[in-house]
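Step one of this worksheet: look at the structure below.
Counting convention: from 1, in listed order, for ligands and their atoms alike.
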Amino acid sequence: MKIVHAASELFPYIKTGGLADAVGALTGSLADHGHEVSVFLPGYRLAREHPDAAKAELKLRLKIEMGDQFMSGEVRAFSPRKNLTVYLICREEFFDRRAPYGNGERDFEDNADRFIFFCKAVVETMRVAELRADIVHAHDWQAALLPLLVRETERRHGATLALKTVFTIHNIAFQGLFPAAAFARTNLPEELNNIDGIEYYAQISLLKGGILFADRVTTVSPRYAQEIQTPEFGCGLDGVVQTRLEDLSGLLNGVDDAVWNPATDGLLPARYSAAEMKGKAVCRAELLKRAGLDVKFKGAIFGMVCRLTEQKGVDLVLANQAFFLEQDVKLIVLGTGDKRMEAELRALAAEAPNKVFLSAQLDETMSHLIEAGSDFFVMPSLFEPCGLNQMYSQIYGTVPIVSRVGGLADTVIDADELPATGTGMMCAPSVAGLSDALWRALALFGEPPRYVAVQRRGMARDFSWKVATAGYEKLYTDAL
Ligand code: ADP
Ligand code: GLC
């Protein structure tokens, strides 16, 4: 099949979260299966600085209609592996910035224009370069206008650009909501600027466009596909989701084994597997050292890696700080984001520098080291479309403590409820729920044979992309 993907993040070129890992792994795996895959990505500064992108060739100069003006841009392309072409949509004014979405405090003011431009540039490239896709697959709000723009452009030019369109919701909390005035820059017919189109309470919602106008809608776990139909998790779009139930499905993400595998992980000081666990102790010592903690510490290490945001349950961890201060345990956190959460974690680390450590930056190496060197991974998300770290944790022999929501509920089994098959600890997404799970974790750690059994079952689980890729191939085939 000829498959065109469009997303705002792609590992290893640009990543702020799991979107990059998921799109990177899915597109690579589809290419390995022999499909002809193109991935469109904004030409962010970081992506353009990647060594692979140095080989990118200029494919096309763009003139994109944006309301009543035209904006220029360029398309550069390179091929990092067989059957895979990465197209960078470049326009320095929009994408030559230090971060993809904002300056750390606030989102960029021109995000509507940046991503409307991105989607239009993808369609224009498909048209001019005659890519003739079987499937166009757009991810999250930044690419959500694509299915609609494909159909609109086909109508205008009397050409077929793609046989079917697919839209994947990686997180319904991010909706691409912009002032109504942004609609003019889409150049879509005015009849789409209403409740049956992309209008949303006197604003526009790009995500809504993806949900309404793609031929198939997917999300990243079966449980989240159910949850987003409810007011509790739908973030106001549950009604819109409900209009697409016949075409909606939830396909669980996998783990990219080339990046996340303790037996081959080049970012670790030592490698290990279920058969030979010595390397995990080396990783543990290195982690303690990097955190400035006692390297001979024998108690439980709780690790955490996440965007610091309400979603990830950071406040539940902060509310349980007495546990980390009073018990003979360590808490090691890697995360950036919300300034208030960062300040509170920093204060906690300052209060107990021999117990709590925070690294407030993006650090790929440290994220692998925490997965490998910890005993428990803390992920009490309030909602979680899929979540990748709880899967990485299991494979790395680090027992996850997760709330019972979304993809977390689909990928972890509670070891107290199901002693014969359990791989982690599950809790209600509340302060008391997490507290209970932390105490149960400590009890588990106090019984080494039981801890090791839980750990080994996690390591034996198969989260490979094989299953997910087969799921998407079937979805594409069914759609066609
Ligand atoms: P989300 O996409 O909602 O952030 P996921 O669990 O799907 O959550 O994926 C998060 C990804 O981002 C993981 O690969 C995780 O290791 C990574 N990550 C999060 N914060 C950091 C950080 N500060 N440094 C490095 N990697 C991080
Ligand atoms: C989003 C979600 C996360 C998911 C990731 C990849 O960022 O928050 O749960 O794992 O996308 O699909």
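The protein non-hydrogen atom at the shortest distance from atom 16 (O) of ligand 1 is N389 ND2, 3.2 Å. Ranking protein heavy atoms by distance to atom 4 (O) of ligand 1, first place goes to R307 NE, 2.7 Å. Of the protein's non-hydrogen atoms, the one nearest atom 18 (N) of ligand 1 is V305 CG1, 3.8 Å. Given atom 2 (O) of ligand 1, the protein heavy atom at minimum distance is G18 N, 2.6 Å. For atom 20 (N) of ligand 1, the closest non-hydrogen atom on the protein side is C306 C, 3.6 Å. Atom 26 (N) of ligand 1 has S367 CB, 3.8 Å as its closest protein atom, hydrogens excluded (heavy atom only).
Between M391, K312, M304, it is K312 that holds the heavy atom closest to atom 8 (O) of ligand 1. Among E9, H170, K15, E364, the residue whose heavy atom lies nearest to atom 12 (O) of ligand 1 is K15. The residue from L388, L408, T309 that puts a heavy atom closest to atom 7 (O) of ligand 1 is L388.
Remark: distances from the non-hydrogen atoms of E371 to ligand 1 are all 4.0 Å or more. The closest approach between Q390 and ligand 1 stays at or above 4.0 Å for every heavy atom of the residue. Heavy-atom distances between H368 and ligand 1 stay at or above 4.0 Å for every pair. Close to ligand 1: G387, with a non-hydrogen atom less than 4.0 angstrom away.
Counting heavy atoms closer than 4.0 Å to ligand 1, residue M366 contributes nothing at all. Proximity of Q311 to ligand 1, defined as any heavy-atom pair under 4.0 Å, is confined to the side chain (atoms from C-beta onward). Counting heavy atoms under 4.0 Å from ligand 1, residue D363 touches it through the backbone alone. At a heavy-atom cutoff of 4.0 Å, ligand 1 is contacted by no atom of S359, backbone or side chain. Proximity of M379 to ligand 1, defined as any heavy-atom pair under 4.0 Å, is confined to the side chain (atoms from C-beta onward).
Atoms of ligand 1 lying under 4.0 Å from any heavy atom of Y392, numbered from 1 in the order shown and given with element: 14 (O). Using a 4.0 Å cut-off to heavy atoms of Q361, the atoms of ligand 1 that qualify are 22 (C), 23 (N), 24 (N). In the vicinity of L362, heavy-atom distances shorter than 4.0 Å reach the ligand 1 atoms 22 (C), 23 (N), 24 (N).
Under the 4.0 Å criterion applied to side-chain N and carboxylate O atoms, D410 and R223 are not assigned as salt-bridge partners. No salt bridge links E344 with K339; every basic N to acidic carboxylate O contact stays at or beyond 4.0 Å. Taking 4.0 Å as the cut-off between side-chain N and carboxylate O, D247 and R216 count as a salt-bridged pair. A salt bridge does not link E276 to R271: none of the charged side-chain nitrogens sits closer than 4.0 Å to a carboxylate oxygen. With respect to R284 and D375, a salt bridge is recorded, a charged nitrogen being found less than 4.0 Å from a carboxylate O. In summary, R346 and E342 engage in a salt bridge, as defined by a charged side-chain N under 4.0 Å from a carboxylate O.
Looking only at side-chain heavy atoms (C-beta outward), I401 and L438 come within less than 4.5 Å of each other.
Taking the six-membered ring where tryptophan is involved, the planes of H5 and H139 are essentially parallel, since the angle between them stays under 30° and well short of 60°. Note on ring orientation: taking the six-membered ring where Trp is involved, the planes of F118 and F115 are perpendicular (angle over 60°, cut-offs 30° and 60°). Ring geometry for W260 against H368 counts as parallel: the plane angle stays under 30°, on a 0 to 90° scale with 60° as the upper cut.
A search for side chain to side chain donor-acceptor pair (under 3.5 Å) contacts involving K164 returns nothing, not counting sequence neighbours.
Applying the side chain to side chain contact (heavy atoms under 4.5 Å, CB included) test between L334 and each of L358, D363, L362 identifies D363 as the sole match.
For F383 and F233, the ring centers are positioned 6.0 Å apart or more.
Cation-pi geometry between R114 and F95 is not satisfied (NZ or CZ under 6.0 Å from the ring centre, within 45° of the ring normal).
No side-chain donor-acceptor contact under 3.5 Å links N83 to the backbone of E36.
Protein residues with any heavy atom under 4.0 Å from ligand 2: G18, L19, A22, H170, N171, V220, N253, R307, Q311, E384, P385, C386, G387, L388.
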Evaluate the criterion side-chain contact (heavy atoms from CB on, under 4.5 Å) for residue pair Y272 and M459; output intermediate values, then yes/no. CA-CA 11 Å; Y272 60 94; M459 293 183 86; 3.9 Å; yes
